[in-house]
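Numbers here are sequence positions counted from 1.
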Amino acid sequence: MADGYGATSSRSGEQASASRHDTGTYISLPSSPTSFRRPPATTSRRASNAEAPDERIALLGVGSRSSRVRIHSAHGSPRRPQLSRDQSFATSVKTTRHHSRANSWGQRLIGALDRHSSSIAESKGSIFPDERVWYDQFTSTDWVHDSIADAHRAKALRSRKDFWGRLYVLFDSSQGWILSALVGFLVAVLAYIVDVTESAAFDYKDGYCAKKWYWSEKKCCPHGPCTDWRDWGEVLEGYPFGSFWTEYAVYIGFVISLAALSCLLTLTTKTVVPSAYRLTTFDEDLAAESTAPPADADGDEISVSPRQTPEPPTTPPMIYYSAAGSGVAEVRVILSGFVLHGFLGLKTLIIKSIGLVLSVASGLSLGKEGPYVHIATCVGNIACRLFVKYDRNDGKRREVLSAAAAAGVAVAFGAPLGGVLFGLEEVAYFFPAKTLFRTFFSCIIAALTLKFLNPYGTHKIVMFQVRYVIDWEYFELGSFVLVGVLGGAAGALFIKASRTWAKTFRGIPAVKQHPMLEVVVVALITGVIGYWNTLTKLPVAKLLYNLAAPCDDRDNNLDNLGLCPETMDDIPGVLGRLFSAFFVKGLLTIITFGIKVPAGIYVPSMVVGGLMGRTIGHCVQWCVMAFPDLSLWEGCAKIPNGTCIQPGVYGLIAAGATMCGVTRLSVTLVVILFELTGSLDYVLPFSLAILVAKWTSDAIEPLSIYDLLTEMNSYPFLNNKHKPIFTSDLAEIVPRLRRERVIDISSSPLVPASSLRTKLEVLHKAGELDGGLPIVRHEILVGLIPAPDLEYALDGLEDEANSLCLMADVPSIEESDDGHVDPTDFTPYIDPAPVALDIRSPMDLVYECFVKLGLRYICVLRDGRYAGMTHKKTFVKYMQTIDEKENRT
């Protein structure tokens, strides 16, 4: 299985192996496939002049009369899949192509259906992806090209009117539904495995079940304490510190061991990216700087081009771990069209699933709900390889990935409707009606499957589903608004605190260079502090249920935590326990976020908010019980013990409000809370609190936690939900016109390959691996060749130093009948109609072109003449500058 994302995926392995070269160290990132390329022919153009060829040499002034020029269309037979392509600048990526998809199940089935019909390629060759080089690491995808390619594919498919053609059309139209159902089912199965495994592993810190060692304490003793469950103090007979302190030491040892093991697995997904690939060196841990990799880096490595001597990098390379964190920020960036190789691969899926079990079982203040989104997207990415339509088209693939991400939320919160809205509100960049319906279908399949699997034995999809019987009172609306304000403020302050912690503690050189050290320190603090408070010792999901559930003696799932006071005198003690747990849990959540283990922030933030909300709920309950004759709540006071006030409702509302402050989800959270409670009566309080929390958090901290991660990683992500106020035009972001960034064919359409290589290196050194070179004739833009395509074409030349490359269509000269393709004919790679805007175009139009069309770059004209080019990354930098100015004001 491949480890890449989008059209870049390969089946050859999870990551290319590191190799050595005498000119330096080669570090191989996951390759971007260019399979099915036509093998280069032996026919080529070579300069016969004594002087070096120039871009302006006349067409008939070079070569012998016997040289043959054949102009081919952009469509042709598959090219040699074994052809390798090296990046042509220092600290670039050496990628080897070996990405055969001939043995996929989808192709075998399609081949069986297509046995009696002519090949689709005979109808329209452009449906295959071999017209363009596929996507490299840290580049943006070409949505326009993918859309055009799929349109040609669909047109060619529907042109077949025979029986097999109609059957194939039916099968083609059903592939999206098949993938949606398959993804939903597999995501639910993985969620079931993680839920059951981590619940058993979590209890190992306290003891084990003598009846069956792999049972959790709840399953071993369903009716309360029993002799089958043996504590470690009993097992070790109090050795060596006595029963209590031995259990304490074993607890801390298990916390550190499980967390360290999870970190070790996560570190195996290390990926090193050259400094030219990105704009800054921040990674998800929010560290101020990233460090240069050691010589024996065990992750993916970077290569230097054999054409040049290695140059020392001016900035250290970027290091990221694809299995660390929740992955939601990266999934959102990927769905917007940004390529992160290895992030959605099989290796990441396996390691993140196992690492998630260990990290949650360790008792750290983290959750498994956020990583479910990443795990589900990995499943969707891998499942896409069953069908060629989705495997080779990044635009089609993102439809499945959007559905998969939503299915992850559906199994995380038991909320299929919330999952659909999450895909629409948070991660999806392009969400047409067809994708919406398939996403809903996938979420329903995932929720139903998990319901049947029954991971907790309670017939609930998630542990913290609750039911409220008593309706709320009108005088509580003020309290709900207060809870919303405090929850939104807590979420915003959490973001600021996390950023401060990352820039201070993670700025220490030892911590930056050794992520394991931070994990061990955080695990030690968690074990030492969290053990003494019954609330902080519980799993976050179980704690959230106890905070949100109403007090009911008939509820066997409630733990005896002393959160249900029977008299007014019991309330101060409950408030003390809640406040201490709030302080400890808030501190642990801040220092845990960003460590190198699979970790989510959804439920931990909800737990912190739930502790705060439960505290407010008991305060309101005390007021009702202390002043029963107040006319404001006269009817409520007549109920014994003030039970008309349900502190659990305040806990759940505050949990949602705090999560809103952290993630800035709004409608999605209201629907998730509704599906968790199943009560229409509380939709209004939920909505009111979430609305107030959103306003409050936006006022304190404009960025959500995922916006912050995206900004600090400098991903070229354009927020399509937030459009700044533009007062300038396109001229403000257009760099000055440089000859080395233009291919001039005014005198001749033949350009020396060495000149093209030099221009390509200029783009690479600027970090524009997905850029392009405009082709101009007498200052008029006549075409554009993308940098990846140009690099592939140049690497296919046998004698690059002496070859002249054809960069424009000319009449055929001595047409060849040998069936070979002239490798010096670059016209198949040229885009004859690149998107171009006048330099006086308003910036609003530029924003719409980049966001709605998904362009990589825009050519700029002045009075009809070429004036420059602006890249998507340049526009992103400009957007960041505007946002920073707005935030300062």
Side-chain angles (χ1 to χ4, degrees), residues 3-9 29-30 32 135-143 146 269 271 273 277-286 318-345 348 352 370-371 373-378 380-381 394-395 397-402 404-406 408-409 422-431 594 600-601 663-665 703-722 767 769-770 850-851 854-856 871-877 879-880 883:
D3 60 345
Y5 161 76
T8 58
S9 307
L29 289 174
S32 55
Y135 304 117
D136 278 311
Q137 173 77 306
F138 275 65
T139 58
S140 54
T141 57
D142 193 340
W143 297 127
D146 288 343
T269 61
T271 303
V273 184
Y277 273 58
R278 81 285 184 271
L279 306 178
T280 67
T281 58
F282 292 110
D283 76 28
E284 184 172 0
D285 65 2
L286 303 180
M318 173 182 176
I319 301 173
Y320 72 88
Y321 302 86
S322 57
S326 67
V328 176
E330 284 77 6
V331 167
R332 186 177 68 160
V333 172
I334 286 173
L335 290 179
S336 73
F338 194 47
V339 177
L340 294 176
H341 284 301
F343 203 82
L344 299 181
T348 300
K352 184 142 194 172
V373 177
H374 185 193
I375 290 173
T377 313
C378 291
N381 179 61
D394 222 12
R397 179 185 295 259
R398 65 177 170 170
E399 297 177 7
V400 179
L401 297 185
S402 298
V409 173
F422 174 83
L424 182 62
E425 185 176 356
E426 181 67 22
V427 296
Y429 206 77
F430 179 70
F431 216 74
I601 192 59
T663 64
R664 306 304 156 85
L665 293 173
L703 300 179
S704 71
I705 191 66
Y706 299 125
D707 290 333
L708 181 67
L709 293 174
T710 302
E711 177 189 279
M712 299 187 75
N713 280 281
S714 290
Y715 295 138
F717 175 77
L718 292 181
N719 194 340
N720 58 345
K721 301 175 181 64
H722 172 67
L769 300 182
D770 52 351
F850 278 123
V851 170
L855 300 177
R856 285 176 169 175
H871 195 276
K872 180 179 181 179
K873 295 176 183 177
T874 304
F875 186 69
V876 169
K877 281 199 242 180
M879 290 271 292
Q880 292 176 351
D883 290 338

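- Of all non-hydrogen atoms in I601 and Y706, the two that sit nearest each other are CG2-OH, 3.6 Å.
- Residues passing the salt bridge (charged side-chain N to carboxylate O under 4.0 Å, His left out) test with E425: none are found, sequence neighbours excluded.
- Counting only distance, with no hydrogens or angles, the side chain of H374 and the backbone of F343 share a donor-acceptor pair below 3.5 Å.
- The minimum heavy-atom distance between S326 and G600, with the atom names listed, is CB-CA, 4.1 Å.
- Judged as a side chain to side chain contact (heavy atoms under 4.5 Å, CB included), and not counting sequence neighbours, the contacts of A404 are V183.
- Nearest approach of A405 to V331, heavy atoms of both residues: CB-CG1, 4.4 Å.
- Residues L344 and N381 come closest through the heavy atom pair O-ND2, 2.8 Å.
- Contact between L335 and R398 at its shortest, heavy atoms only, is CD2-O, 4.0 Å.
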Item to complete: Starting from the C-alpha separation in whole Å, work towards a yes-or-no answer on side-chain contact (heavy atoms from CB on, under 4.5 Å) for D770 and K873.
Response: CA-CA 10 Å; D770 52 351; K873 295 176 183 177; 4.0 Å; yes
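- Under the rule for a salt bridge (charged side-chain N to carboxylate O under 4.0 Å, His left out), the partners of R332 that lie at least two apart in sequence or sit in another chain are E426, D707.
- With hydrogens and angles left out, the side-chain atoms of T348 and T269 include no donor and acceptor closer than 3.5 Å.
- With sequence neighbours excluded, the residues satisfying side chain to side chain contact (heavy atoms under 4.5 Å, CB included) with A376 are V187.
- Distance CZ/R664 to CG/L703: 7.5 Å, rounded to 0.5 Å.
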Practice prompt. Verify side-chain contact (heavy atoms from CB on, under 4.5 Å) between L709 and E330, making sure each step is shown before the conclusion.
Written response: CA-CA 9 Å; L709 293 174; E330 284 77 6; 5.7 Å; no
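- Residues K352 and A324 share a closest heavy-atom pair of NZ-O, 3.7 Å.
- Of the possible polar contacts, none joining the R856 side chain to the K872 backbone as a donor-acceptor pair under 3.5 Å is found.
- The CZ atom of F850 lies 11.0 Å from the CE atom of M879; values are rounded to the nearest 0.5 Å.
- Taking 4.5 Å as the limit, every side-chain heavy atom of T271 sits out of range of all side-chain heavy atoms of Y321.
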